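Worksheet: the structure to be examined is printed underneath.
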Amino acid sequence: MTTVTLPGVYTPQDDTDMLVRCLRDELLPQHAAVLDVGTGTGAVALAAARLGARVTAIDISWRAALNAKVNALLARLPIRVERGDLLAPVSGRSFDLILSNPPYVPAPTTACPRRGVARAWDAGHDGRLVLDRICQDAPGLLKPGGVLLVVQSALSGPEESLRRLRTTGLRAEIVEHRCVAFGPVLRSRRGWLRDQGLIEGDAEKEELVIIRAVRLG
Ligand SMILES: C[S@@+](CC[C@H](N)C(=O)[O-])C[C@H]1O[C@@H](n2cnc3c(N)ncnc32)[C@H](O)[C@@H]1O
């Protein structure tokens, strides 16, 4: 299957792969309404569309939105791609499944980058600037019985995601773990991560987790 990654768009990685695998384990209703938030190249959206879902994909980056459109065309899959901030383009709609591999990397900067490739991963000191918004807003867009699947690092507080999602009434748990080697971004900020108390010594690996949260009927 031909897919392209345009310059400046996040290349699908372990987190993408984890999310796609968990998506394939979901028992979706026929023609399920699926949302992919922060779609990048559209890799996760394409996987959902191949399962027969009706997919909407959103990205804040024009380049990523274009990339996802190109890949949907190449795959001949009818994915609706929107450019916008998190869930704003789909307010008022509801979904059987919401998927997200959002920016979750703790960063020395306090705000999310407004442009550039780091917008795909940097998410403030605790890595939670985007996660917290997803935990707050996604539950309201789930149909009864609908599911939210989010991938994040253990460095950005999965327990806090669980707590926030449970506060909104969802049943939330961690369903997948994977240990991965630090990429160039985490390697370059080891000293800062140590100063923040987020890692110890010469840590070389982080744990990625998938959070699955269900809106009870
Ligand atoms: C880690 S990448 C994941 C890309 C793709 N889903 C994957 O798994 O390969 C995160 C994506 O979220 C997008 N993003 C960052 N902030 C966003 C926001 N506020 N609203 C929508 N998309 C956002 C970035 O542009 C980037 O494409």
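Whatever order the structure lists ligands and atoms in, that order sets their numbers, starting from 1. All values derive from a computational prediction rather than experimental measurement. Index from 1, following the sequence.
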Among all protein heavy atoms in this structure, tell me which lies nearest to [atom], with the distance rounded to 0.1 Å.
atom                    : result
atom 26 (C) of ligand 1 : D59 OD2, 3.5 Å
atom 22 (N) of ligand 1 : I60 N, 3.2 Å
atom 3 (C) of ligand 1  : N101 O, 3.2 Å
atom 20 (N) of ligand 1 : L86 N, 2.7 Å

For [X], counting its heavy atoms only, list the atoms of ligand 1 lying under 4.0 Å from any of them.
X    : value
G40  : 4 (C), 27 (O)
G84  : 20 (N), 21 (C)
D85  : 18 (C), 19 (N), 20 (N)
P103 : 15 (C), 16 (N)
R119 : 15 (C)
G38  : 3 (C), 4 (C), 5 (C), 6 (N), 11 (C), 12 (O), 13 (C), 22 (N)

Is a side-chain N or O of [X] found less than 3.5 angstrom from the main chain of [Y], in a donor-acceptor match?
X    : Y    : answer
R128 : S156 : yes
T168 : P139 : no
R187 : F182 : yes
T16  : Q13  : yes

Quiz item: Run the side chain to side chain donor-acceptor pair (under 3.5 Å) check on T56 and R93 step by step: do they pass?
Solution: CA-CA 11 Å; T56 302; R93 292 179 55 195; 3.1 Å; yes
Quiz item: Do N101 and Y10 meet the criterion of a side-chain donor-acceptor pair at a distance under 3.5 Å?
Solution: no
Quiz item: Would one find more than 12 heavy atoms of other residues, nucleotides or ligands at under 6.0 Å from atom CZ of R194?
Solution: yes
Quiz item: Among S153, P102, P103, whose side chain to side chain contact (heavy atoms under 4.5 Å, CB included) with L131 holds?
Solution: P102
Quiz item: At a non-hydrogen distance cut-off of under 4.0 Å, which region of T39 contacts ligand 1 (side chain, backbone, both, or neither)?
Solution: backbone
Quiz item: Quick one: does ligand 1 sit under 4.0 Å from the side chain of A120, the backbone, both or neither, non-hydrogen atoms only?
Solution: both
Using a 3.5 Å cut-off on N or O atoms only, is [X] in polar contact with ligand 1?
X    : result
T16  : yes
P12  : no
V130 : no

Self-check item: ligand 1 contacted by A45 (non-hydrogen, < 4.0 Å)
Solution: no
Quiz item: Could you state the interatomic distance from CD (Q152) to CD (E206), rounded to the nearest 0.5 Å?
Solution: 10.5 Å
Self-check item: Gap between atom NZ of K143 and atom CG of D96 - 0.5 Å precision
Solution: 4.0 Å
